[in-house]
Amino acid sequence: MSSETTPRNNFIRELVEDDVATGRFGRPVTTRFPPEPNGFLHIGHAKSICLNFGLAEDFAGRCNLRLDDTNPFTEDMKYVEAIKRDVAWLGFTWAAECYASDYFDKLYEIAESLVKTGKAYVDSQNEEEIRENRGTVMEPGKPGPYRDRTPEENLDLLRRMKAGEFPDGAHVLRAKIDLAHPNMIMRDPLLLRIRHASHYRLGDEWCLYPLYDFAHGLSDAIEGITRSLCTLEFKDNRDIYEWLVNEAGFERPPTQIEFARLELDYTVVSKRKLLRLVNEGHVSGWDDPRMPTLAGLRRRGVTPEAIRAFCDSIGVARKPARTELATFEHAVRNDLNMRVPRVMCVVDPIKVVLTNYAAGQVEELDASYYPHDVPLTGSRKVPFSRELWIEREDFMEDPPKKFFRLAPGREVRLRYGFFITCQEVVKNDAGEIVELRCTYDPATRGGDSPDGRKVQGTIHWVSAARGVTCEVRLYDKLFTVPDPEAQGDDVDFTTFVNPDSIRVMSHAKVEPSVLGDAPDARYQFERTGYFVKDVADWRDERPVFNRTVTLRDTWAKVKGA
RNA sequence: UGCCCCUUGGUGUAACUGGCAACACGCCUGACUCUGGAUCAGGAGAGUCCUGGUUCGAUCCCAGGAGGGGCAACCA
């Protein structure tokens, strides 16, 4: 059912294997993917999703989808829906759909019991005082004036906090651990705060909301999670995680394992920064095809299989690391190559007139959808006529030695069509090439010459008579530098947004066969790249295609050298 | 100047847990080709951050050092 290939080894898999071997948890391997519904999922989340769901799958366990919705200020149902859609799109099925907000009662109970045993107290300092008394990484903090309230007093206060007797910020519940703890996280971490805000699921039922540290590990424990996977920046939080699940009395509690988050060159993978790109109008929305969000990648034409293959290929480790874009692009091409049909589209057209081809004549040529090495079959008819469009880049008046395409006096093959020879270059007053007058060889119909003569180049083309004008959006890297977040503290990452990250080609010409295909059809436009119909902006009178990724282009290297 | 984590070719990972460093991406050659795609064949590229130690033998164990990163939100 799952993949044929053996998953590659990593340190988390080894730990889980040990757990299984020793029966450490006494229950099936159970993981969870715990996003907060305050933004869209991105490629970094995909790594975590693949890890958590993949582990459960491989060890015959289960993986929950848990919405970590403990902050009523930022969360929204629209994000929940987007998250569910994206995880499902990636191809994973959660064992249970869970919400941290479903555990608020249980969490509150635990809070009371911590208070009763003197492990937690109500602090009435304001935010600044709490911060000051926490000390710094260099200096220990010191106990505040409310730290030694009696359990009875604390319990009374806590209940009144819950009852809504106090305004936001009046009190907080804190674990009573150690204000001088070398780990800052353990300096009496906050557990519950007052927030008179409407929760997107619970409405006004609560005015007491748990903080991440209080909610997360306990939610894991409640769900019977065995291994709780999270990213490196939560390493220090592991102490409070363990403290809480133990104080709460869970048997064989889950344990946290941290791994390095994905960092991808030429983009950012942080919900906060992605939100800024959206809000500041650098992109058109969360699903802008330039965004590394799953919604953006989907609209860009990337398949879920490619994303999963990519996630498998990058490995899992505890070393912060950046992944080159080439690794991602390889996964995308590798997947698309084997599954999408080839069609012809001229992105930047220049006209070719075949002077020896009858005006008004149109013939239908057979063209296979797939090359010989892709084990799929299918073909379509492509109309051919006296006037054609070819790619501006495929002609050079004064070509360099290694240029194999059309040039004055030179013969090339029109893919699935005929051999043509350029006889004349027509220019306008400005000296720009407006038309190429060529002759075709009727004997080469279909692309082979009976006399066995060879041509160096094969170019793609579209009939001017029957081709369809369309808009082609050429997407490129979102940023001009590999790591826009590390350009110095005084430089904002948005200054590196690539102004050429989208180029709109509004006079492209595509063969008519694509019109009848599905609204989200993917293609390889021969010789240029992989494309997908844009589901949002497509109109029959104005077709729109998005470039998913270019083809590998060795000519570009030759040219660049 | 505290606590914690990390350090293997350009990049990302691996190495049966002590036996003389492998895979993928990228790069370079060549072959093939009706996509300058794909595929195929070959190649270059690290002696595993440094210094000591243990050992017949260390990427793996120990000590010290250097470099990188995380932590001082009533965010997650």
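Treat the numbers as computed from the prediction; the structure is a model and nothing was measured.
Within the nucleic acid shown, A:E258 has no heavy atom closer than 4.0 Å to any nucleic acid atom. Nucleic acid contact class of A:Y416 (heavy atoms, under 4.0 Å, all strands): base. Counting non-hydrogen atoms under 4.0 angstrom, A:V455 reaches nothing in the nucleic acid. Residue A:E526 is classed as a base contact, given a heavy-atom separation below 4.0 Å to a base. Residue contacts for A:R318: at a heavy-atom cut-off of 4.0 Å it reaches the sugar-phosphate backbone alone, with no base atom in range. Residue A:E14 is in base contact, counting any heavy-atom pair closer than 4.0 Å across all strands shown. If you check every strand for non-hydrogen atoms under 4.0 Å, A:E132 touches nothing. Among the heavy atoms of the strands lying under 4.0 Å from A:F403 is at least one base atom, whether or not backbone atoms are also near. Among the atoms of the strands shown, base atoms are found under 4.0 Å from some heavy atom of A:D448. Among the heavy atoms of the strands lying under 4.0 Å from A:N237 is at least one base atom, whether or not backbone atoms are also near. Nucleic acid contact class of A:R322 (heavy atoms, under 4.0 Å, all strands): sugar-phosphate only.
Distance check on atom P: B:U11 versus B:C49 gives 13 Å, rounded to whole Å. With both ends at atom C1', the span from B:G9 to B:U13 equals 12 Å, rounded to whole Å. When the P atom is used for both B:A76 and B:G68, the distance is 32 Å, rounded to whole Å. For B:G47 and B:C20, the C1' atoms lie 10 Å apart once the distance is rounded to whole Å. Taking the P atom of each, B:G64 and B:C3 are spaced 13 Å apart, rounded to whole Å. For the C1' atom pair drawn from B:G2 and B:A24, the interatomic distance equals 41 Å after rounding to whole Å. Across the C1' atoms, B:U59 and B:C6 are found 15 Å apart, a figure rounded to whole Å. Across B:A44 and B:C28, the matching C1' atoms stand 7 Å from one another, rounded to whole Å.
Across the protein-nucleic acid pair, A:N38 atom CG and B:A76 atom C1' stand 8 Å apart, rounded to whole Å. In this structure, CZ of A:R8 is placed 12 Å from P of B:G12, rounded to the nearest angstrom. Rounded to a whole Å, the NE2 atom of A:H181 is 8 Å from the C1' atom of B:C3. We find that CG of A:L406 is positioned 14 Å from P of B:G36, with the value rounded to whole Å. A:D335 places its CG atom 15 Å from the C1' atom of B:G37, with the value rounded to the nearest Å.
Checked by atom type, the side-chain pair A:E223/A:N64 shows a donor-acceptor distance below 3.5 Å. With 3.5 Å as the limit, one finds a donor-acceptor pair spanning the side chains of A:S198 and A:D204. Judged purely by distance below 3.5 Å, without hydrogens or angles, the side chains of A:Y266 and A:D476 never pair a donor atom with an acceptor atom. Side-chain atoms of A:T458 and A:R415 include no donor-acceptor pair closer than 3.5 Å. Between the side chains of A:R195 and A:N71, at least one donor-acceptor pair of N or O atoms lies under 3.5 Å.
Comment: A:E17 does not engage A:R13 in a salt bridge, judged by the lack of any side-chain N to carboxylate O separation of less than 4.0 angstrom. Using a cutoff of 4.0 Å between basic side-chain nitrogens and carboxylate oxygens, A:R339 and A:D335 are scored as salt-bridged. Remark: A:R149 does not engage A:D123 in a salt bridge, criterion side-chain N to carboxylate O under 4.0 Å. Between A:K176 and A:D188 there is no salt bridge, since none of the side-chain N atoms of the basic residue sits less than 4.0 Å from a carboxylate O of the acidic one. The pair A:E165-A:R160 counts as a salt bridge, with a side-chain nitrogen and a carboxylate oxygen less than 4.0 angstrom apart.
In the set B:G12, B:G2, B:A15, the nucleotide with an atom closest to the side chain of A:T323 is B:G12. Listed nucleotides B:C25, B:A38, B:A15 differ in distance to A:H372; the shortest reach to its side chain belongs to B:A38. Closest approach to the A:T554 side chain among B:G36, B:U35, B:G26 is made by B:G36 (side chain taken as heavy atoms from C-beta onward). Listed nucleotides B:C25, B:G37, B:C75 differ in distance to A:R342; the shortest reach to its side chain belongs to B:G37. Nearest to the side-chain atoms of A:R415 among the listed nucleotides B:A76, B:C74, B:U35 stands B:U35.
One N or O donor and one acceptor, one from the side chain of A:R405 and one from the base of B:G36, sit under 3.5 Å apart. For A:D553 against B:G37, a side-chain-to-base donor-acceptor contact under 3.5 Å is absent. Applying the 3.5 Å distance criterion, the base of B:G10 shares a donor-acceptor pair with the side chain of A:E324.
Atom CD of A:E242 is surrounded by more than 12 heavy atoms from other residues, nucleotides or ligands within 6.0 Å. Atom CZ of A:R453 has more than 12 heavy atoms from other residues, nucleotides or ligands within 6.0 Å.
By the rule that a glycosidic angle within 90° of 0 means syn, B:U33 does not qualify and counts as anti. Under the 90° criterion around 0 for the glycosidic angle, B:G47 counts as syn.
Aromatic ring orientation, A:Y241 versus A:H216: tilted (interplanar angle from 30° to 60°). Classification of the A:F525-A:F531 ring pair by plane angle, with boundaries at 30° and 60°, yields parallel.
Side-chain nitrogen and oxygen atoms of A:R527 include at least one within less than 4.0 Å of the OP1 or OP2 phosphate oxygen of B:G36. A:H330 has a side-chain polar atom (N or O) that falls below the 4.0 Å cut-off from OP1 or OP2 of B:C25. For B:C75, the OP1/OP2 oxygens have no side-chain nitrogen or oxygen of A:K271 closer than 4.0 Å. Under 4.0 angstrom from either OP1 or OP2 of B:A76 there lies at least one side-chain N or O belonging to A:T70. Contact check, A:R195 against B:C75: a side-chain N or O comes under 4.0 Å of OP1 or OP2. Between A:N126 and B:C74, a side-chain N or O to OP1/OP2 separation shorter than 4.0 Å is absent.
Stacking annotation: A:W555 is stacked on the base of B:G36 (ring centroids less than 5.5 angstrom apart, interplanar angle below 30 degrees).
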Pick out the pairs of N or O atoms, protein on one side and nucleotides 27-31 of chain B on the other, that lie under 3.5 Å.
from: B:C27; atom 1: OP1; to: A:K557; atom 2: NZ; distance (Å): 2.6

Enumerate all atom pairs, one protein N or O and one N or O from nucleotides 69-73 of chain B, separated by less than 3.5 Å.
from: B:G70; atom 1: N2; to: A:D236; atom 2: OD2; distance (Å): 3.0
from: B:C71; atom 1: O4'; to: A:D236; atom 2: OD2; distance (Å): 3.3
from: B:A73; atom 1: OP2; to: A:R131; atom 2: NE; distance (Å): 3.4
from: B:A73; atom 1: O5'; to: A:R134; atom 2: NH2; distance (Å): 3.4

Dot-bracket for RNA chain B, 5' to 3', Watson-Crick and G-U pairs with both distances under 3.5 Å, [ ] for crossing pairs, | for partner on another strand, reads .((((((..((((.....[..)))).(((((.......))))).....(((((..]....))))))))))).....
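Toward the 5' end of RNA chain B, the nearer of the two residues A:D373 and A:A317, judged by each one's closest nucleotide, is A:A317. When each of A:M138 and A:E75 is assigned the nucleotide of RNA chain B with its nearest heavy atom, A:M138 is the one assigned upstream, toward the 5' end.
Residue A:P210 comes nearest to A:L192 through the heavy atom pair CA-CD1, 3.5 Å, listed as atom of the first residue, atom of the second, then distance.
The cationic atom of A:K271 (NZ for Lys, CZ for Arg) does not lie both less than 6.0 Å from the six-membered ring centre of A:F40 and within 45° of the ring axis.
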